[in-house]
Amino acid sequence: MTIIRPKKSLGQHFLKDSGIAQRIAETLSAHRGLPVLEVGPGTGVLTRFLIDEGHDLSVAEIDLDSVKYLEQYFPALSGRIYVDDFLKMKLEGLYSTKFCVIGNYPYYISSQIFFKVLDYREQVVCCSGMIQKEVAERLAAPPGSRRSGILSALIHPWYDVEYLFTVSEKVFDPPPRVKSAVIRMTRNNRTGLGCDEALYKKVVKTSFNQRRKTLRNSMKPLLGKDCPYFSLSIFDKRPEQLTVEQFIELTLITGKYLKER
C-alpha cells in the first residue's frame, strides 16, 4: 500500500474534508463535457469527485509518490497522468479544444499558476480551485478597490472572478497557518484590450511598484519626471483606484508619449 506524506518542499497541505472537495469539483458543473486538467492532485481527494462528476479528466503531478498512489487507486487515470511541473508544461499540445483547469493549488505558486492560465486564455474557459484566502481576496477584488493589485489588474480584463467560499485551516494535513478560499475564474467575451498588451502589463506593474503614491509619481520610472501628460486628472489617482478601462486609457497615454519622446 502506497502511503503519501505531505512534503513541505512542495507546499503540500492535503485536504481531508470530502465535502469541501465535492464543492470544489462542482465549481466546474457548468462546463461538463470539456476536458479538465487538475493541477497537483496529491492523494486524489478532489480527483475522485471530478471523476464521479463525469469530467474528461487528466492530472498534472510532480510528486512521484503521489503519481504512484494515483496509479494504484484511480485506474480511470490510466494514460492521463502528466508527470510534470504545470508551470513548465506546454498546454497547447494537450488539448485541441477549450478546457478547464482546477486544483488545490500550492500557495507559494498560486499567482504563477494564474499567470500561466492567462497565457492560455483562448483555451482555458474556466479555472477554479483553492488558494490562500488573502490571495483570493486580492484576485477577486473589483477594479478600483483597495485590495486590487497587479494580479487582479492583469486577470480581470479577461476573466470574471468569483470568491466562492472560505475554508478553515483545520481541514488540512498538515494545517496551514492561514485560511483558504475557493475561487472561480470564467473567461469573458473580451477579444482585445484596444492597446498594446505588453505595454499594458508594464504599465500595471510599474504603477503598482509604488501603489500608495499617485500615478504622477509611480509612473516616473516609465515616463520620466517631465512628462507633459502628468497634468491629466488620471495621474491624480493611485493605481488601486483604476478600473480596467482606466488602465487601458493610461496605457494609451503612455504609448503615445513614448512614441513622441
Side-chain angles (χ1 to χ4, degrees), residues 1-30 36-53 55 57 59-74 77 81 85-87 100-117 126-142 145-149 151-152 155 161-186:
M1 178 182 295
T2 303
I3 299 176
I4 309 177
R5 292 181 173 83
K7 295 180 176 63
K8 187 176 181 180
S9 63
L10 295 178
Q12 291 177 330
H13 297 275
F14 292 148
L15 179 64
K16 300 184 296 181
D17 190 314
S18 60
I20 291 174
Q22 183 173 14
R23 290 178 69 187
I24 297 173
E26 289 171 351
T27 62
L28 296 184
S29 293
V36 174
L37 178 64
E38 182 186 359
V39 178
T43 57
V45 63
L46 174 58
T47 309
R48 175 163 63 92
F49 290 103
L50 291 169
I51 292 172
D52 289 347
E53 286 265 324
H55 289 291
L57 180 67
V59 302
E61 178 58 70
I62 198 172
D63 181 8
L64 295 181
D65 289 337
S66 289
V67 170
K68 292 178 182 177
Y69 183 92
L70 295 167
E71 289 175 339
Q72 183 175 351
Y73 291 102
F74 293 90
L77 290 179
I81 301 176
D85 181 347
F86 174 75
L87 296 179
C100 302
V101 175
I102 195 170
N104 296 326
Y105 305 113
Y107 294 164
Y108 72 106
I109 58 168
S110 60
S111 293
Q112 295 174 9
I113 287 172
F114 296 132
F115 287 136
K116 173 90 170 187
V117 167
C126 186
C127 173
S128 63
M130 186 152 51
I131 56 177
Q132 184 177 338
K133 182 175 184 287
E134 182 182 352
V135 177
E137 290 172 338
R138 291 204 304 268
L139 179 60
S145 68
R146 289 180 62 84
R147 287 187 177 273
S148 63
L151 186 61
S152 58
I155 295 290
V161 184
E162 303 167 87
Y163 183 108
L164 298 178
F165 58 91
T166 303
V167 180
S168 168
E169 64 275 23
K170 297 178 182 179
V171 298
F172 295 91
D173 177 27
R177 296 180 180 179
V178 295
K179 291 190 181 301
S180 305
V182 174
I183 58 97
R184 176 169 53 205
M185 296 167 29
T186 305

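Numbers for residues simply follow the sequence, beginning at 1.
Nearest heavy-atom pair across Leu151 and Ser111 is CD2-OG, 3.9 Å. Residues Pro41 and Ala60 share a closest heavy-atom pair of CD-O, 3.4 Å. Residue Ile183 comes nearest to Tyr163 through the heavy atom pair CG2-CA, 4.2 Å, listed as atom of the first residue, atom of the second, then distance. Between Ser110 and Val135, the shortest heavy-atom contact is OG-CG1, 4.0 Å. Minimum interatomic distance between Phe114 and Cys127 (heavy atoms only, all atoms of both residues): CE2-SG, 3.8 Å. In terms of heavy-atom proximity, Ala181 sits nearest to Ala136 at CB-CB, 3.7 Å.
With sequence neighbours left out, Thr47 forms a side-chain hydrogen bond (donor to acceptor under 3.5 Å, both in side chains) with Glu38. With sequence neighbours left out, the side-chain contact (heavy atoms from CB on, under 4.5 Å) criterion links Ser168 to Lys170. Residues satisfying the side-chain hydrogen bond (donor to acceptor under 3.5 Å, both in side chains) test with Glu134, not counting sequence neighbours, are Arg138. Legend: residues meeting side-chain hydrogen bond (donor to acceptor under 3.5 Å, both in side chains) with Arg147, ordered by chain and number and at least two apart, are Glu137. Qualifying side-chain hydrogen bond (donor to acceptor under 3.5 Å, both in side chains) partners for Ser128, counting only residues two or more places apart in sequence or in other chains: Thr27. Partners of Lys179 under the side-chain contact (heavy atoms from CB on, under 4.5 Å) rule, at least two apart in sequence or in another chain, are Lys133, Thr166, Glu169. Contacts of Glu53 classified as salt bridge (charged side-chain N to carboxylate O under 4.0 Å, His left out), with partners at least two apart in sequence or in another chain: Arg32. With sequence neighbours left out, Phe86 forms a ring-ring contact (aromatic ring centres under 6.0 Å, His included) with no residue at all.
Between Val167 and Met130, some side-chain heavy-atom pair lies under the 4.5 Å cut-off. In this structure the side chain of Ser180 never reaches within 4.5 angstrom of the side chain of Val171, judged on heavy atoms. Under the 4.5 Å side-chain criterion, counting only non-hydrogen atoms from C-beta, Phe172 is not in contact with Asp17. Side-chain contact between Phe165 and Ile20 is present, with heavy atoms from C-beta onward closer than 4.5 Å.
The line from CG of Leu87 to CZ of Phe115 is 12.0 Å long, rounded to the nearest 0.5 Å. In this structure, the separation between CG on Leu28 and CG on Leu50 is 6.5 Å, given to the nearest 0.5 Å. Annotation: the span from Leu139 atom CG to Glu162 atom CD amounts to 11.5 Å, rounded to 0.5 Å. Here Ile113 contributes atom CD1 and Ile131 contributes atom CD1; the two are 9.5 Å apart, rounded to the nearest 0.5 Å. For the atom pair NE2 (His55) and CG (Leu37), the distance works out to 13.0 Å, reported to the nearest 0.5 Å. Distance check, rounded to the nearest 0.5 Å: CZ of Arg23 to OG of Ser18 gives 12.5 Å.
Ring planes of Phe74 and Tyr69: tilted class, angle from 30 to 60°.
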Stepwise side-chain contact (heavy atoms from CB on, under 4.5 Å) check, Ile155 with Met185: CA-CA 9 Å; Ile155 295 290; Met185 296 167 29; 4.0 Å; yes

Stepwise side-chain contact (heavy atoms from CB on, under 4.5 Å) check, Val36 with Ile102: CA-CA 7 Å; Val36 174; Ile102 195 170; 3.8 Å; yes

